[in-house]
Amino acid sequence: MNRSLFYGTGAAEGIPDPFCGCYLCQYARTHGGRDVRTRSMFRVSPDMLVDLGADAYTQANRFGDLQELEHVLITHTHEDHFCYMMMSVWDMATHRSVPTLHYYFVEKGFDIVEELRRNPVFMKGKLPRLEERGILKCHRLNFFETYDIGGKQVTPLKGHHFGNMDDQSANYLITMPDGKSLYYGCDTGKYEPETLEYLRGRKIDVLVSECTNGDGEDAMPDPTHLSFTTALATIRTLREMGTLGDDSRVYLTHINHLHRAHHNRLQAMWDETGLPNKCTVAWDGLEFEW
């Protein structure tokens, strides 16, 4: 049995945005609970994270430390998904049970590693020394190639979203040692044709899908993110392709404040779709077995 955990389920600004007085931010301040969202970070297993972002310190103190962490899959180089300061925090630990922390960047996303290596403004220029000492190791992956990472089969697929290095975001297909598979689809808009073709007929047990724009797609269309409407269309497409079966589970995450659907309302909207799949709007600290 696999156990996974949502450390954070918000977008770049979190909910509530500390500078914002919109309806959803004020609702979260008043009601708290599942409507308060830190920046997205997902623990596939004790040794593997997808993204290591700006809220990792607080998230780890709330939901479990990162002492067993060995592998970090970076989706793209926006700061809410990759916070380079956490490399220094790793180095500052005096009693580590894991000797080396491995970071994985996909294709052009690896350019940020070269920038960190050469520019002393970042991390006081110490990344090369950490690599030489074996404290950190950075790896470059290619889209649509499968890698054995921590005993799991990991394949990065193209998302429709772009990071600071003009890197195309990576969505990860992860197959566990027991053969069960999870697809992490954040950040992305409408799936790229080649990504859909790769997924065609491949059974996914768990889909973690973004739903960044909630019920606000009509008011603020965004081709690089999904909303309730476009996420639902994506799920239906994956069902038609045989990628999602009736027993596949769906979790929605990476939710921003630019709409009016608080947590319970967004969950009710999904419950009303009539889809046979169990679909859960995730919240910070949600842990599940699969």
Side-chain angles (χ1 to χ4, degrees), residues 1-10 33-34 37-38 40-53 55-56 59-75 81 96-104 141 146-157 170-186 198-199 201-211 231 234-235 238-239 241-255 263 267 270-271 275-290:
M1 186 69 69
N2 306 299
R3 294 179 67 88
S4 297
L5 169 66
F6 289 91
Y7 275 100
T9 57
R34 297 178 181 181
R37 301 183 184 277
T38 57
S40 290
M41 189 168 84
F42 181 71
R43 194 162 194 168
V44 178
S45 60
D47 68 327
M48 179 178 285
L49 279 177
V50 179
D51 291 332
L52 184 53
D55 293 328
Q59 293 165 336
N61 282 327
R62 290 184 66 192
F63 306 123
D65 63 58
L66 302 176
Q67 291 187 64
E68 297 179 72
L69 182 63
E70 296 184 58
H71 307 284
V72 182
L73 309 176
I74 298 297
T75 56
H81 296 265
R96 288 190 295 267
S97 57
V98 174
T100 305
L101 183 60
H102 297 265
Y103 274 83
Y104 302 86
L141 307 182
T146 300
Y147 302 85
D148 188 314
I149 300 176
K152 306 165 189 64
Q153 300 300 300
V154 177
T155 309
L157 306 184
N171 294 169
Y172 288 99
L173 178 62
I174 303 169
T175 302
M176 305 298 280
D178 64 3
K180 290 186 176 180
S181 61
L182 176 147
Y183 188 63
Y184 190 85
C186 305
Y198 189 93
L199 292 173
R202 296 176 186 264
K203 176 67 181 302
I204 293 174
D205 297 287
V206 176
L207 170 65
V208 178
S209 171
E210 73 146 76
C211 189
T234 300
I235 291 167
L238 293 174
R239 285 179 52 80
M241 290 167 40
T243 304
L244 292 178
D246 289 352
D247 58 343
S248 300
R249 293 153 67 181
V250 178
Y251 293 87
L252 303 175
T253 187
H254 200 276
I255 297 166
H263 182 275
Q267 182 64 62
W270 284 95
D271 294 342
L275 286 175
N277 303 91
K278 181 181 179 182
C279 187
T280 302
V281 179
W283 60 88
D284 290 18
L286 171 62
E287 187 173 20
F288 64 96
E289 293 184 344
W290 55 287

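Just so you know, these numbers come straight off a predicted model, no measurement behind them.
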Qualifying residue for side chain to side chain donor-acceptor pair (under 3.5 Å) with Arg37, from Thr9, Asp284, Thr253: Thr9

Any donor-acceptor N or O pair under 3.5 Å, side chains Thr146, Thr155: yes

Under 3.5 Å side-chain donor-acceptor pair for Gln153 and Asp148: yes

Residues forming a ring pair (Phe, Tyr, Trp, His ring centres under 6.0 Å) with Tyr184, sequence neighbours excluded: Phe42

Arg249 NZ/CZ over Tyr251 ring centroid, <6.0 Å and within 45° of normal: no

Can you find a heavy atom in the side chain of [X] that is under 4.5 Å from one in the side chain of [Y]?
{"X": "His263", "Y": "Ile255", "answer": "no"}
{"X": "Phe6", "Y": "Phe63", "answer": "no"}
{"X": "Asn2", "Y": "Ser45", "answer": "no"}
{"X": "Thr100", "Y": "Glu70", "answer": "no"}
{"X": "Leu238", "Y": "Ile204", "answer": "no"}
{"X": "Glu68", "Y": "Arg43", "answer": "yes"}
{"X": "Leu73", "Y": "Ile174", "answer": "yes"}

Intermediate values then yes/no, side chain to side chain contact (heavy atoms under 4.5 Å, CB included), Asn277 and Leu207: CA-CA 10 Å; Asn277 303 91; Leu207 170 65; over 6 Å; no

Point-to-point distance, once rounded to the nearest 0.5 Å, from [atom1] of [X] to [atom2] of [Y]:
{"X": "Arg96", "Y": "Leu66", "atom1": "CZ", "atom2": "CG", "result": "13.5 Å"}
{"X": "Leu157", "Y": "Tyr183", "atom1": "CG", "atom2": "OH", "result": "4.5 Å"}
{"X": "Leu101", "Y": "Leu49", "atom1": "CG", "atom2": "CG", "result": "8.5 Å"}
{"X": "Lys152", "Y": "His71", "atom1": "NZ", "atom2": "NE2", "result": "6.5 Å"}

Considering all heavy atoms, the nearest Leu5-Gly285 contact: CD1-O, 3.5 Å

Nearest heavy-atom neighbours spanning Pro177 and Gly151: CG-O, 3.5 Å

CD (Gln67) with more than 12 external heavy atoms under 6.0 Å: no

Residue Lys203 excluded, over 12 heavy atoms near NZ under 6.0 Å: yes

Between [X] (side chain only) and [Y] (backbone N and O only), is there a donor and an acceptor less than 3.5 Å apart?
{"X": "Asp178", "Y": "Lys180", "result": "yes"}
{"X": "Tyr7", "Y": "Thr38", "result": "no"}
{"X": "Asp205", "Y": "Ser248", "result": "no"}
{"X": "Glu289", "Y": "Met1", "result": "no"}
{"X": "Thr243", "Y": "Leu199", "result": "yes"}
{"X": "Ser181", "Y": "Thr175", "result": "no"}
{"X": "Ser40", "Y": "Gly10", "result": "yes"}

Among Ile149, Ile74, Val154, side chain to side chain contact (heavy atoms under 4.5 Å, CB included) partner for Tyr104: Ile149

The single option from Val208, Ile235, Leu275 passing side chain to side chain contact (heavy atoms under 4.5 Å, CB included) against Val250: Ile235

From CA spacing to verdict: side chain to side chain contact (heavy atoms under 4.5 Å, CB included), Leu69, Val98: CA-CA 7 Å; Leu69 182 63; Val98 174; over 6 Å; no

Check against side chain to side chain contact (heavy atoms under 4.5 Å, CB included), His254 and His81: CA-CA 11 Å; His254 200 276; His81 296 265; 3.4 Å; yes

Side chain to side chain contact (heavy atoms under 4.5 Å, CB included) between Met41 and Leu52, intermediate numbers included: CA-CA 6 Å; Met41 189 168 84; Leu52 184 53; 3.7 Å; yes

Residues in side-chain hydrogen bond (donor to acceptor under 3.5 Å, both in side chains) contact with Tyr172, at least two apart in sequence or another chain: none

Verdict with supporting geometry, Asp246 and Arg239, salt bridge (charged side-chain N to carboxylate O under 4.0 Å, His left out): CA-CA 8 Å; Asp246 289 352; Arg239 285 179 52 80; 3.0 Å; yes

